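The next block holds one structure in the form of structure tokens; read it before the comments.
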There are 2 protein chains.
Amino acid sequence: MKISTKSQYGLRAMVYLAKFPQKICSLRSISKDEGISFDYLEKIISKLKKAGLIKAKRGVQGGYFLNKSPAEIKIREIIKALEGTTGLVKCMAAEKYHCPREKKCLTKIFWKKIQVSLNSIFDSSTLADLIKGSKAT
Amino acid sequence: MKISTKSQYGLRAMVYLAKFPQKICSLRSISKDEGISFDYLEKIISKLKKAGLIKAKRGVQGGYFLNKSPAEIKIREIIKALEGTTGLVKCMAAEKYHCPREKKCLTKIFWKKIQVSLNSIFDSSTLADLIKGSKAT
DNA sequence: CTAAAACCGACCAATTTCGTCGGTTTTAAA
DNA sequence: TTTAAAACCGACGAAATTGGTCGGTTTTAG
């Protein structure tokens, strides 16, 4: 039940970009400042871009920048872009999957409770909140 | 960011035992009723036993039973026994580990928030609650 | 004595994680 | 117009984790 470094790195990269909302930041600078492997970060950034959370400018002086303002980007969107889903267990992650034990499953109710709480935080937190430090909610 | 089947199976096994607090249940019966691989479940049960959450009676007619009443067993204890920790990220899971970025890390505050919320549910839920269905908290 | 059960350590296949590598395309600036 | 810095892309691969399997031993009720 660990959060992968993919998500941790991805979130850090997004926070990095959010700190300089106007600026275009190269992968090189993010990787260097955050101490994340350049090649690996590229893969992560690529997912964030495909999800439409960031945009890129190619060529010399190019780099990445947020597609929306930090206050408009929920953490949920970031995790979903990287992880595919914020679902903790199969029966909540995959729409299609239908567990045969569902009806009588006493544990599902519990996992659901965890899931709801988690999603609520993921949804109520934005990049702007992270930069401000902590948040009330 | 998935919860492993190890934890899911383990929780189901504990709920199973909690449903018959007096009875001694054999691994065979749990595995059969819950549809979990016998050999794999054995490994899981072994961890729960080492953590002191369940006890065993050996020999014919033997099996497993809870060491405390369902109302006294928090889900947190179960997850910790199986997973080693309920920590989501390294800097919260390992006591020893000290992240060099800690001071300036804006994401840590966020993960911490998630962690606190998670632990609070893990701590306030007992096996008895799961059996009753859902719970207020 | 026997069979049912817990107990135990070693092994193993598949998957996921966490990268690496070698290229290509684009583009600002010299 | 060349050059170098950057994004982009697909393939590969080592290491760790997950989810088991197997072959035994010990214990104990009947």
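Treat the numbers as computed from the prediction; the structure is a model and nothing was measured. In what follows, chains are A, B, ... by sequence order, proteins preceding strands, each numbered from 1.
- Per the geometry, OH belonging to B/Y64 stands 13 Å off C1' belonging to C/dA4, to the nearest Å.
- For B/V60, the listed nucleotide lying nearest its side chain is D/dA29; candidates were C/dC7, D/dA29, D/dG19.
- Put simply, B/S46 has no side-chain N or O that comes within less than 4.0 Å of OP1 or OP2 on C/dC8.
- Atom P of nucleotide D/dA5 and atom NZ of A/K57 are separated by 15 Å, given to the nearest angstrom.
- Checked by distance alone, A/K6 brings no side-chain donor or acceptor within 3.5 Å of a matching partner on the base of C/dG19.
- Listed nucleotides: D/dT21, C/dG19, C/dC7. Nearest to the side chain of A/Y9: C/dG19.
- Along DNA chain D, the nucleotide nearest to A/M1 and the one nearest to A/R28 differ in position, and the one closer to the 5' end is contacted by A/R28.
- Among all heavy-atom pairs drawn from A/C91 and A/C99, the shortest one is CB-CB, 4.4 Å.
- A cation-pi geometry, defined here as NZ or CZ lying under 6.0 Å from the six-membered ring centre and within 45° of its normal, does not hold between A/K55 and A/F65.
- With D/dC9, D/dG20, C/dG19 as the choices, the nucleotide that has an atom nearest any side-chain atom of A/Y40 turns out to be C/dG19.
- Atom-to-atom, CD1 of A/I24 to P of C/dT27 comes out at 12 Å; the value is rounded to the nearest Å.
- Nucleic acid contact class of A/G62 (heavy atoms, under 4.0 Å, all strands): sugar-phosphate only.
- Nearest heavy atoms, B/L11 versus B/I75: CD1-CD1, 3.9 Å.
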Check your understanding: What do the steps show when you test A/D123 against A/S120 for side chain to side chain donor-acceptor pair (under 3.5 Å), and what is the final call?
Key -> CA-CA 5 Å; A/D123 276 330; A/S120 128; over 6 Å; no
Under the salt bridge (Lys or Arg N to Asp or Glu O under 4.0 Å) rule, what do A/E83 and B/K2 come out as? Steps first, then yes or no, please.
CA-CA 10 Å; A/E83 222 70 25; B/K2 283 277 175 302; over 6 Å; no
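- In this structure, CD1 of A/I45 is placed 19 Å from C1' of D/dG10, rounded to the nearest angstrom.
- Interface remark: the B/R58 side chain does form a donor-acceptor pair with the D/dT26 base, using a distance-only criterion of under 3.5 Å.
- Separating the CD atom of B/E83 from the P atom of D/dT18 is a distance of 7 Å, rounded to the nearest angstrom.
- Minimum atom distance to the side chain of B/S26 is reached by C/dA5, of the listed C/dA5, C/dG19, D/dC22.
- Between C/dC18 and A/T5, a contact under 4.0 Å exists linking OP1 or OP2 to a side-chain N or O.
- As judged by a 4.0 angstrom heavy-atom cut-off over every strand, B/L27 is placed among residues touching the sugar-phosphate backbone only.
- DNA chain C is contacted by both A/D39 and B/D39; B/D39 maps to the nucleotide lying nearer its 5′ end (nearest heavy atom per residue).
- Each of A/S37 and B/E42 was matched to the nucleotide of DNA chain C holding its nearest heavy atom; the match closer to the 5' end belongs to B/E42.
- The side chain of B/Q61 has D/dG30 as its nearest neighbour among C/dA6, C/dT27, D/dG30.
- Looking at heavy-atom distances under 4.0 Å, A/K43 makes contact with a base.
- Look at A/K47 and A/E42 and you find no salt bridge, because none of the NZ, NE, NH1 or NH2 atoms lies under 4.0 Å from a carboxylate O.
- In this structure, A/F65 atom CZ and D/dA7 atom C1' are separated by 12 Å, rounded to whole Å.
- Per the geometry, NZ belonging to B/K90 stands 14 Å off C1' belonging to C/dT17, to the nearest Å.
- Rounded to whole Å, the distance from CD1 on B/I44 to C1' on D/dT21 is 14 Å.
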